[in-house]
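Throughout, protein chains are lettered first and strands after them, A, B, ... in sequence-line order, and every chain is numbered starting at 1.
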Protein chains: 2
Amino acid sequence: MRNRPIPEATVARLPVYLQALLSLAEDRRQMTVSSDELAQMAGVNAAKVRKDLSYLGSYGTRGVGYDVEYLLYQITRELGLTQDLPAAIIGLGNLGRALASFKGFAERGFKISALFDVDDSVVGTNVGRIKVRHLDDLKDIVAEEGVVIGIIATPPAPAQLVAERLADAGIKSILNFAPAVVKVPPDVTVRKVDLSIELQILSFYQQRNQAIATAREASRRLGTSDPSPQARRPH
Amino acid sequence: MRNRPIPEATVARLPVYLQALLSLAEDRRQMTVSSDELAQMAGVNAAKVRKDLSYLGSYGTRGVGYDVEYLLYQITRELGLTQDLPAAIIGLGNLGRALASFKGFAERGFKISALFDVDDSVVGTNVGRIKVRHLDDLKDIVAEEGVVIGIIATPPAPAQLVAERLADAGIKSILNFAPAVVKVPPDVTVRKVDLSIELQILSFYQQRNQAIATAREASRRLGTSDPSPQARRPH
DNA sequence: ACGCGCTTGTGACCTAAATCACAAAGTCTG
DNA sequence: CAGACTTTGTGATTTAGGTCACAAGCGCGT
Ligand SMILES: NC(=O)c1ccc[n+]([C@@H]2O[C@H](COP(=O)([O-])OP(=O)(O)OC[C@H]3O[C@@H](n4cnc5c(N)ncnc54)[C@H](O)[C@@H]3O)[C@@H](O)[C@H]2O)c1
Ligand SMILES: NC(=O)c1ccc[n+]([C@@H]2O[C@H](COP(=O)([O-])OP(=O)(O)OC[C@H]3O[C@@H](n4cnc5c(N)ncnc54)[C@H](O)[C@@H]3O)[C@@H](O)[C@H]2O)c1
């Protein structure tokens, strides 16, 4: 099973297990954890946990479970979080500032090492400990600080340009908060986080469930049964 | 094809098409759009666009494409965005404030109608136009304002409690920014947005690609060819 | 040493989604 | 109005992922 490529879906869940393991490691009561417990904590099912972990290797002990510390280390290593990765934020508006002053990244393997904007009233000011630099200095400072992750928090319009600058500066990993699709060279990975999209998805299920409830209510009054048999839940 | 339940994956893409269509509708040059153009803009392939749209109905014209305005309306309707949905934010720290003062929600179908916190130095203050209320008043104010979406922006520890309060107040849709898995009754939908997880996923691919590049480099120097044949790209 | 209960690791199976590929239906041109 | 050209809509096929179910492995008690 080992050395098979790790499925994308599994990669996306490893951080969730990591989080769970961290909280177990904190209160030192539990040296070991079963796939079942971990599944509970991560909100998935136990078979999935076991299969996911089996891609990393046979780190469990039958009849016992997984050693918390050891598994923690293995996942950390697999995710490449053994040392803090330097990240840069581009665009220091509402969101960029919130991200920049967020203390939680450090304990999860990241370090905000540089900030960039183009607005003269922002460039040169400090946000937290770090001075905001002009976007034109991106390439130099990325090289200087060894930045490997770029976080786009500009308005949507300049997002494409910013992504290109990042790619040009040698950055291969981009997290994009702007509601815009950005195109990058094939060796660059972009992940998009769009809060409005998340809300719109919620809206869809909200409306659908409401429609189902309404239909059921109506049919109840009419004395018929089961108005729409496709009443499945999301997720 | 109509009246088949819309696949989850399709629902997640509809907002992306919506965004693309909005930008087309703005510059009024194009009355119509082909699946190919839309695919380009949304960053997916054309067949997927057509299949996705076909779940909504046959709104296209062969040889021509889709009418921008009409499609815009149909997607808006399908997502339940015909009127602004009232949302509440719980937890007005860095992130909560950024969200509360974000102007972009209105134009995407949402309205921040209430704010909640428990910290005495925050409760009673105004953020933007809205006064921050105490979490204990949640149920009343949710009923009063007709809030249907809850946005959790508290630290992870109280997230579960907040989710329960939201569910108790009758809210069926929750967007959770806290890095914690929350359990809710089966009729409530939760979506989680975890920035650290996104960064950790990027970290994984970053490291993997780097490892591949290093291996290739090593083998190049040694004069051998193709060190690891499983050099597939993420996504 | 041995059997019992617990838990992993994984093949087999099932479901959802992505992709392919092409007939059907339209536009446009001369 | 025929024929070339576009583009949709959708069955068929492939791929990825989720779930099931159980043999194999381990610890512990006796
Ligand atoms: N604030 C939120 O809560 C929120 C919520 C959802 C989505 N977003 C998205 O996140 C992004 C940022 O939101 P915001 O509220 O912080 O916006 P904002 O307008 O407050 O800040 C944008 C910042 O980007 C800077 N900027 C503009 N062009 C730039 C460029 N070419 N290079 C570098 N910097 C540039 C501006 O000077 C400004 O400081 C937007 O795309 C927005 O749609 C924000
Ligand atoms: N700030 C960021 O950029 C960022 C990035 C990633 C993740 N997050 C996550 O988002 C959440 C919020 O982050 P933040 O930086 O705004 O934190 P913060 O500490 O600045 O703010 C948290 C707010 O929640 C309030 N609060 C605490 N307990 C509460 C309760 N029981 N009910 C209501 N309100 C309560 C606090 O009074 C405070 O105002 C955290 O879980 C954090 O991990 C934030």
Set out, line by line, the N/O atom pairs under 3.5 Å between protein and nucleotides 17-20 of chain C.
| residue | atom | partner | partner atom | Å |
| --- | --- | --- | --- | --- |
| C/dA18 | OP1 | B/Arg13 | NH1 | 3.1 |
| C/dA18 | OP2 | B/Arg13 | NH1 | 3.3 |
| C/dA18 | OP2 | B/Arg13 | NH2 | 2.9 |
| C/dT19 | OP2 | B/Asn45 | ND2 | 3.2 |
| C/dT19 | OP2 | B/Lys48 | NZ | 3.3 |
| C/dT19 | O4 | B/Lys51 | NZ | 3.2 |

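The interatomic distance linking B/Gln40 (CD) with D/dT7 (P) rounds to 13 Å, in whole Å. Atom CG of B/Leu38 is separated from atom C1' of D/dG9 by 15 Å (rounded to the nearest Å). The separation between B/Asp36 atom CG and D/dT8 atom C1' is 12 Å, rounded to whole Å. The interatomic distance linking B/Leu53 (CG) with D/dT8 (P) rounds to 9 Å, in whole Å. A straight line from CZ of B/Arg4 to C1' of D/dG9 spans 10 Å, rounded to a whole angstrom. Distance CG (A/Asp67) to P (D/dC26): 15 Å, rounded to an integer number of Å.
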Under 3.5 Å, sequence neighbours excluded: what are the donor-acceptor pairs made by side chains of residues 161-168 of chain B?
| residue | atom | partner | partner atom | Å |
| --- | --- | --- | --- | --- |
| B/Glu164 | OE2 | B/Gln160 | NE2 | 2.7 |
| B/Arg165 | NH1 | B/Asp136 | OD1 | 3.3 |
| B/Arg165 | NH2 | B/Asp136 | OD1 | 3.4 |

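Near-neighbour residues of DNA chain C inside residues 18-25 of chain B, defined by a heavy atom below 4.0 Å, are absent.
Judged as a side-chain contact (heavy atoms from CB on, under 4.5 Å), and not counting sequence neighbours, the contacts of A/Phe105 are A/Leu99, A/Phe102, A/Phe110, A/Ile112, B/Leu195, B/Ser196, B/Leu199. Annotation: side-chain hydrogen bond (donor to acceptor under 3.5 Å, both in side chains) contacts of A/Arg50 (sequence neighbours excluded): A/Ser35. Here A/Tyr70 pairs with A/Tyr59 under the ring-ring contact (aromatic ring centres under 6.0 Å, His included) rule; sequence neighbours left out.
Counting heavy atoms from C-beta on, the side chains of B/Thr10 and B/Leu53 never come closer than 4.5 Å.
Dashed line: the shortest gap from a side-chain N or O of B/Tyr59 to OP1 or OP2 of D/dT7 is not under 4.0 Å.
Judged as a side chain to side chain donor-acceptor pair (under 3.5 Å), not a single pair has a partner in residues 147-159 of chain A (not counting sequence neighbours). Judged as a side chain to side chain donor-acceptor pair (under 3.5 Å), the pairs with a partner in residues 171-180 of chain A (not counting sequence neighbours) are, in order, A/Lys172-A/Asp187, A/Ser173-B/Gln206. Applying the salt bridge (charged side-chain N to carboxylate O under 4.0 Å, His left out) test to residues at least two apart or on different chains, none of the pairs has a partner in residues 71-84 of chain B. The stretch residues 32-46 of chain A participates, sequence neighbours left out, in no salt bridge (charged side-chain N to carboxylate O under 4.0 Å, His left out) pair at all. For residues 11-21 of chain B, the salt bridge (charged side-chain N to carboxylate O under 4.0 Å, His left out) pairs, not counting sequence neighbours, are B/Arg13-B/Asp52.
To the nearest 0.5 Å, the span separating CG on B/Leu21 from CG on B/Leu14 amounts to 10.0 Å.
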Under 4.0 Å protein heavy-atom contacts per nucleotide of nucleotides 22-30 of chain C, with B for base, S for backbone only and - for none: --BBSS---
